[in-house]
Amino acid sequence: MKEGILKLLKENNDDFLSGEKISEYFNVSRAAIWKHINTLKEEGYEIESVPRKGYRLISSPDILTYGEIEKYLNTEFIGRKIYYFDTIDSTNKKAKEIALEEVEGTIVISEEQTLGRGRLGRGWVSPKGKGIWMSIILKPQIDPMKVAKITQIGAAAVSLALEDLDIKSYIKWPNDIVINRKKVCGILTEMSCELNMINYVIMGIGINVNLDKQDFRGEIENVGTSLKVETGKKISRKKLLGLFLNRFEELYTSFINKDNFEDTLKICRDKSILIGKEVRIIKGRDEKSGKVVGINDEGELLVDYGENKVENIMSGEVSVRGLYGYV
Ligand code: BTN
């Protein structure tokens with residue numbers, strides 16, 4: 001009912017809506033309405049209450065509930081069902097628990113993660129209300145070998161969504177988004193499959209939106225950054241989330257239904273921060289240096305180690321670093 005009251009207040013624009021009218025609408029007492037209004041206020045909604053006039057919505061918080069992102073969404077199935085948490089250990093973990101029963105496109109999102117997970121067993125700093133920490137449940141009927149491409153679709157979609165907000169970013173193959181040589185977004189894709197049948201894919205995305213410099217401590221101090229730190233402006237998380245989901249659905253459906261990976265490839269190549277750079281390729285304890293010469297049609301990184309020895313590198317198996325640092 002709380003969501004219903006909020007909807008009524010939003011539809012009523014800037015006008016007052018009397019407690020009596022709302023209670024008649026939902027057929028409950030005015031005290032019950034008052035309780036829900038108070039909960040909404042605790043969530044960050046600014047609601048003015050004036051005796052004999054009623055309630056008026058002044059402003060809505062930048063939270064990532066369905067009610068708040070709905071107006072930015074023009075997707076058919078991505079993000080149409082959202083599990084929203086104030087706090088959780090990891091959205092990827094939760095998404096895996098519910099994936100088999102859920103429809104494709106369902107999202108798990110949390111304002112904070114206490115045990116956020118990154119690639120290669122690392123952690124992921126996810127402070128409350130400052131980022132977009134979410135996992136999308138996907139059920140693509142494709143060869144499991146092609147799942148790495150979905151992660152690249154995710155990276156391309158993040159970069160396009162940032163462009164929609166006039167923020168220029170680069171893609172560090174396969175799936176980091178970089179601004180001023182520091183990471184603002186990472187993607188952790190996990191999959192469950194049998195033989196060549198995919199049960200589900202969980203694409204976990206962390207976007208550092210409004211984190212402050214002090215949020216990047218220890219080993220991430222010189223590697224991580226946020227949109228706010230780089231642009232000097234606070235960014236609307238709900239708008240960015242909506243833009244991303246729209247961009248993602250477009251590229252993803254085109255890939256699944258029309259086998260179109262070219263659009264994603266073009267974005268990943270155009271925005272690549274690695275092409276033309278000398279890098280270190282780290283595979284466990286093994287480290288080699290070479291020059292990135294491109295990304296092939298399969299989305300693999302092409303690295304030239306000299307003497308015409310070009311290797312195709314698949315994502316997932318390596319870490320790529322600049323010669324002197326992250327990139
Ligand atoms: C990386 O190491 O670059 C990947 C980071 C992925 C972080 C996101 S935040 C939401 C989702 N839940 C997690 O526990 N991890 C991913």
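Just follow the structure's listing: the first ligand is 1, and inside any ligand the first atom is 1.
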State which residue, out of V201, V103, I98, I107, fulfils the side chain to side chain contact (heavy atoms under 4.5 Å, CB included) condition with I137.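 The option that passes is I98.
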Is the NZ or CZ atom of K94 positioned over F85's six-membered ring, under 6.0 angstrom from the centre and within 45° of the axis?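 The answer is no, since K94 fails at least one limit relative to F85.
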Please output the side-chain donor-acceptor pairs of residues 261-282 that fall under 3.5 Å, not counting sequence neighbours, one pair per line with the distance.
residue: D263; atom: OD2; partner: N260; partner atom: ND2; Å: 2.9
residue: K266; atom: NZ; partner: D270; partner atom: OD2; Å: 2.7
residue: R269; atom: NE; partner: I295; partner atom: O; Å: 3.0
residue: R269; atom: NH2; partner: I295; partner atom: O; Å: 2.8
residue: R269; atom: NH2; partner: D297; partner atom: OD1; Å: 3.0
residue: K271; atom: NZ; partner: E163; partner atom: OE1; Å: 2.4
residue: S272; atom: OG; partner: L274; partner atom: N; Å: 3.1
residue: S272; atom: OG; partner: I275; partner atom: N; Å: 3.1
residue: K277; atom: NZ; partner: I273; partner atom: O; Å: 3.1
residue: R280; atom: NE; partner: G322; partner atom: O; Å: 2.9
residue: R280; atom: NH1; partner: E287; partner atom: OE2; Å: 3.3
residue: R280; atom: NH2; partner: G322; partner atom: O; Å: 3.1

When the ring planes of Y252 and F77 are compared, do they come out parallel, tilted or perpendicular, using 30° and 60° as the limits?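 Geometry flag for F77 against Y252: tilted rings.
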Taking any residue with a non-hydrogen atom under 4.0 angstrom from an atom of ligand 1, which ones do you get? S90, T91, N92, Q113, G116, R117, G118, R119, W124, W133, M134, S135, D176, K183, G186, I187, L188, G204, I205, G206
Do E111 and Y84 have side-chain atoms, one donor and one acceptor, less than 3.5 Å apart?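 Present: a donor and an acceptor within the cut-off.
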Can you get from L6 to L17 by hopping between Ile, Leu, Val, Met, Phe, Trp and Tyr side chains that sit under 4.5 Å apart? yes
